[in-house]
Amino acid sequence: MIDKKIPCIIDTDPGVDDSVAIALSLYDEVMDIKLITTVAGNLELEKVTRNTLHILEKFKRTDIPVALGAVKAMYRKSPDAKFIHQSEGMGNYIPPKTVETKPIEMNAVEAMYKTIVENKGEIVILALGPHTNLGYLFTAHPEVAGMIKHIYCEGCAPYGYKGETYISFNVSSDPEAFKIVFESGVPVTIIPSRMGRELANFNEQEVMSIREINDVGRFIFEMYNGYWEHSYPDRRIATNDTCAIMIFRFPKLFKTKKVDIMVDTDTMPGKTVFSYNRYSHVQVAYKVNKKKMHNIFYNAIKHLDHFKFYED
């Protein structure tokens, strides 16, 4: 029995992996989601916000406020990742063009600030997209750094990726914002890109089995079926943002090391290099118990068995 839930903010850019992570968090027994903020990343702000609101409507959690965030990176043009998330951002699942629920009037930065002050010292931020909103938050209200309990995020390729050819999307989308966050002094736990793609991924058979669990599993399968990784010889699904939630909820599944981090904002914008430092406020995950993590994932879907999305 949980005595007290942990207040959380989810900062996100759905995106298939974001959508799955949010859906499986909405009824988590520990997470008290106080606010969701949206940021341009995988798609433009309008679509990622629509996707967020649609998920909340679909899972009957429209009580959670959603605040609009940044439409682009702090100092540069933002890319998108439609090439893998598809044009509407939810893989092979096509969300409605419009939703009934509206974002709150307060913008993401001020809504974050208000929520952090109201939950001073207790708030956990789950940053699933570019850190633009957080970069603006720490710039406008630097004092909040001492009020945030922890930030969990997805992104970074510590020494490049596959021979220096891969730079993390979330970091390269707004490297200046990431630099601000990591230099804020707030405790940060990082799920690097390799974790979701190579150490905690789902293979094709596992993805097919998710479809058979229940209607929520079928919904996740629909998204996943348009989200296969492009750079591997086999068919696999990355669990990047799911891992960011998992390491917050089930830290013993992962092994981490404390590191100092360098974020390149000039020569190769978004490249990150880690140097190990046992006294750092930043830690990076490098290993996971894949079997246990997958079982927790399946059980989270089973927990939502009462949702019926399909007639057949």
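Quick note: residue numbers are just sequence positions, from 1. Reckoned from all heavy atoms, side chains included, excluding hydrogens, waters and symmetry mates.
- Judged purely by atom type and a 3.5 angstrom limit, Asp32 has no side-chain atom pairing as donor or acceptor with the backbone of Ile6.
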| task | Verify salt bridge (Lys or Arg N to Asp or Glu O under 4.0 Å) between Glu183 and Lys179, making sure each step is shown before the conclusion. | result | CA-CA 6 Å; Glu183 291 179 353; Lys179 192 169 187 292; 2.8 Å; yes
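- Judged by distance alone, with hydrogens and angles left aside, the side-chain atoms of Asn51 form no donor-acceptor pair with the main-chain N or O of Ser19 at under 3.5 Å.
- Considering CG of Leu53 and CD1 of Ile64, their distance stands at 11.0 Å, rounded to 0.5 Å.
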| request: Dump the intermediate steps for side chain to side chain contact (heavy atoms under 4.5 Å, CB included) on Lys4 and Glu122, then the final yes or no. | output: CA-CA 11 Å; Lys4 186 178 180 182; Glu122 297 184 347; 3.0 Å; yes
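- Residues Glu57 and Thr62 have side chains that never bring a donor and an acceptor to within less than 3.5 angstrom of each other.
- For the atom pair CZ (Phe254) and NZ (Lys287), the distance works out to 13.0 Å, reported to the nearest 0.5 Å.
- Smallest separation of non-hydrogen atoms from Arg50 and Val99: O-CG1, 4.0 Å.
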| request: Applying ring pair (Phe, Tyr, Trp, His ring centres under 6.0 Å), run through His230 and Phe83 and close with a yes or a no. | output: CA-CA 9 Å; His230 295 173; Phe83 72 95; 5.8 Å; yes
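- Checked by atom type and distance alone, the side chain of His150 never pairs as donor or acceptor with a backbone atom of Phe248 at under 3.5 Å.
- Expressed to the nearest 0.5 Å, how far OG of Ser25 lies from CD1 of Ile33 amounts to 5.5 Å.
- Taking CG of Asn92 as the reference point, atom OH of Tyr224 lies at 14.0 Å (rounded to 0.5 Å).
- Among the candidates Asp13, Thr38, Thr12, the single residue satisfying the side chain to side chain donor-acceptor pair (under 3.5 Å) test with Thr49 is Thr38.
- Taking the six-membered ring for Trp and thresholds of 30 and 60 degrees, Phe309 and Phe59 have ring planes more than 60 degrees apart, a perpendicular arrangement.
- No side-chain donor from either of Thr265 and Glu176 sits under 3.5 Å from a side-chain acceptor of the other.
- Ile237 contributes atom CD1, which lies 7.5 Å from atom OH of Tyr227 (distance to the nearest 0.5 angstrom).
- In summary, the side chains of Glu110 and Tyr136 do not present any donor paired with an acceptor at a separation below 3.5 Å, with no hydrogens or angles considered.
- Pairs passing the salt bridge (charged side-chain N to carboxylate O under 4.0 Å, His left out) check and including a residue from residues 234-256, sequence neighbours excluded, read Asp28-Arg249, Glu204-Arg235, Asp234-Arg236.
- A cation-pi arrangement is present between Arg218 and Tyr310 under the rule of less than 6.0 angstrom and at most 45 degrees off the ring axis.
- Side-chain atoms of Asn42 and Asp80 form no donor-acceptor pair, as typed in the model, at a separation below 3.5 Å.
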| Working for side chain to side chain contact (heavy atoms under 4.5 Å, CB included), residues Gln283 and Val259 | CA-CA 6 Å; Gln283 62 181 351; Val259 297; over 6 Å; no
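- Of the residues Glu222, Gln86, Glu88, His54, the one that meets the side chain to side chain donor-acceptor pair (under 3.5 Å) test with Tyr93 is His54.
- Judged by distance alone, the side chain of Asp260 and the main-chain N or O of Asn277 form no donor-acceptor pair under 3.5 Å.
- Note: Thr37 OG1 to Asn133 CG = 5.0 Å, rounded to the nearest 0.5 Å.
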